[in-house]
Amino acid sequence: MLTAFNYDRLISLNTIDRQELQKIYEAGKNGLLACSVCGEAVKLYLGIKSAPYFYHYSSKLPCMTEDVPNVQQEHAATIDINDERTNGFRIPKSRSISKSVTESTSFKPPMTIKATIHTSELANSLPVTYPKESYLNILDQNGYSLDATQSKAVTIDDGPILVLAGAGSGKTRVLTMRAAFLIHEKNVNPSTIMLVTFTNKAANEMKERLLHYPKMNKGLVQKIISGTFHSILYQILIFHEREKWQRNQLLSSNWQRELLLKEIAREKQIDEKDFPFDAALQLISAWKNSMLSPSDVEPNNDWEQKVAQLYTGYETKKQQQNQYDFDDMLLGGYHFFLENPAILATYQKRFTHFLLDEFQDINKVQYEWIKLMAGSAKSIYAVGDDDQSIYSFRGSDPKYLLNFEKDYPNSQTIILDYNYRSSQEIVSAAKSTISKNTKRRAKKMITGYSGKHPLAFYPYDEEEEATMILTDIQEKIKLGYEPKDFAILFRTNTNSRAMFERLASSSLPFRLEQDIGSFYQRFIVKSMLAYLKLIHDPDNQQAVVDILPTLFLKKTVLQDIKAMSILEDCSFLDCLHFIKTGFAFQESRLKKIPDTLKRLMDRSPLDAINYIEKELGFQEFIKKRGNEGNQWDKGSDDIRDLKVVARKFNSIKEFVQYTDHMMAMNEELRKQFKNESNVITLSTIHRAKGLEYKTVYILGAVDGSIPHDFALESFRNNNILPLEEERRLLYVAMTRAQQGLFLSIPMYLRGKKAKESRFLSPLSMSPFVHLD
Ligand SMILES: Nc1ncnc2c1ncn2[C@@H]1O[C@H](COP(=O)(O)OP(=O)(O)OP(=O)(O)O)[C@@H](O)[C@H]1O
């Protein structure tokens, strides 16, 4: 059924402007849509696999009162907007509110993603039998099986060992079993084992897994020294040099480091507004992790030259203020041992076995430190996959994994090539994608079972993308899936806003993997919302405080405003009329604000934002204070995101209420689902490393998102490395899926036309056939 009433407005899905669909979907949710045939309440179906249609609440079907043509056929038919009879219903020409759907914005059916599967790669893993008394045999009886290669990797004799393997091949399983095997079969004291993982969460999960193995207990497992390089080194440093490494001296957030860098930029007269401070911080971090001190850096271009200057200033200032950052923990730890050979000797004696996970993401300082520590150790055991190296922007380098055999001539390498996690269809799509990278070690990937092909779908924008995914999850949950079966992965945190909001408005439990705060509290967004709030609430004190920076006024001006509002008996907003700054231009702008905002009262929030941006100087404020030079966090992008949300609302009041509600939900839901395990995961791809889910949705598989704009820019400047890393990111995302993989290819992102990710070009797409 393709027509419905929203109040007295007849909506036809054949003629509606696609960008209105989300609004109509929400009208349906709020009970504001009526069937054009029987008048009963209807909702809009907006999912992945079928074109949108209206359906009745109760039956979940289109109206049965009249003969209704098949929805897909209806969509396929081109219906002229001037046609007076559509779907058996008379549409008055004068009430037509929508323009014809253009080719580019009409619903595009999902496509099945296919890649060639070589039959030789469909094999069964080799079964193994262990001697009866072997610990592995006991493990096996408890359901923790290993194949022949994995078994070899677990039981191999001590020495430098590299387990090189593709995604889902059991590296984590092997590493965990290796620990158990060493303790049980080889009588290694657990306190002499150091287990290094990429996140502390991963270390805890491995220990938790170990606890379930036969003959393991808490006492034994707790003795293993585990954690990230940072956490292990920090514990050592705080033990030996407590004074120097006080917690409150740590520059723990990026904004703190950025502030410091900006201070130095001002001193060095580097133009702040066009400078990418976020990229500069990353480069400094990469230099530090590559053990390049400011005097060692050899800049390649003007920009690096400037960053090198900032790096010198950054290090000096930090030292003067007795502060340190995360990279200093690694460098500090390394130098501490170099300078204290006696202490080094005791640690070398203490640790006999080093188990290193995610070895492809090790950086120089970590590598050198491990080499130092493992000087006389019996075994250094590293597992990794060069195709999953996704942290090179901060100094990680897969060359340590690829050169392992050279650095440790007596080492042994074991290759695991059987993917236990994902279906053949997912593995071959991921494999085709990554095979385009030039700098990698090609590997076989054998799979065990066949399943459904990954699917590409084409929402209009990020709002529709979120709704379609939510619909799909709800449908699957009805079929018996659980919330924990789903992960929604995205390139950067800002990509998650719409999905967060859609999940927040559903009753489904979910967790955002990183505490990024509400989108509506971001500096630029909050400032724009403050203008909108003042339109209906001219005495909103907080809103006045929030617009002051946009007018380049100090916060203390609020006191003057308060005094004036009493003196002149007017609202806070009207007081802007009377503020004297001594600058004619600024004063005339302030005078303009109250009347302008009042005139915007009946405009749509989108119109109001556009107006404030252009006419009240907001654009200049963004240019100066929006970090426009940044690669990731640009103020103008925030405003584009805000406009995407605003488009869904007709009134400013409703829009402002919605943003307030979403802010409150952000706090609330975080608390509510903090310790729940059966939740949908909403995570950046980086944070999903090492994890697996039955069904994975990848948001925004378009150029500019994945690959990210900055990688495309580097590519245009003849640097292919960032682009290859972005491809690895997509590979990591795809290989998190066990059975279902969905790639979203929105037509618009942040209000701009988007193009399918170039990474999907090796994959062939064919129309999806709905069999359910
Ligand atoms: N021999 C095996 N038999 C059955 N299942 C296995 C076997 N080995 C591993 N698995 C399962 O395969 C999945 C992937 O294993 P694991 O997470 O250890 O792989 P990984 O190589 O660390 O993956 P990635 O690098 O992609 O994160 C897990 O669900 C694990 O339990």
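Every heavy atom of this structure was used, including side-chain atoms; hydrogens, water molecules and symmetry mates were not. Counting starts at 1 for both ligands and their atoms, in listed order.
Under the ring pair (Phe, Tyr, Trp, His ring centres under 6.0 Å) criterion, Phe742 pairs with Tyr697, not counting sequence neighbours. The side chain to side chain donor-acceptor pair (under 3.5 Å) search around Ser226 returns Lys207, not counting sequence neighbours. Judged as a side chain to side chain donor-acceptor pair (under 3.5 Å), and not counting sequence neighbours, Thr172 has no contacts.
Considering all non-hydrogen atoms of both residues, Lys49 and Lys476 come closest at NZ-NZ, 4.2 Å. Heavy atoms only, all atoms of each residue included: Ser432 and Ala115 are closest at OG-CB, 3.1 Å.
Note: Phe500 and Phe510 meet the aromatic proximity criterion, with ring centroids under 6.0 Å apart.
Closer than 4.0 angstrom to ligand 1 sit non-hydrogen atoms from Ser145, Leu146, Asp147, Gln150, Gly166, Ala167, Gly168, Ser169, Gly170, Lys171, Thr172, Arg173, Gln388, Tyr420, Arg421, Gly690, Glu692, Arg736.
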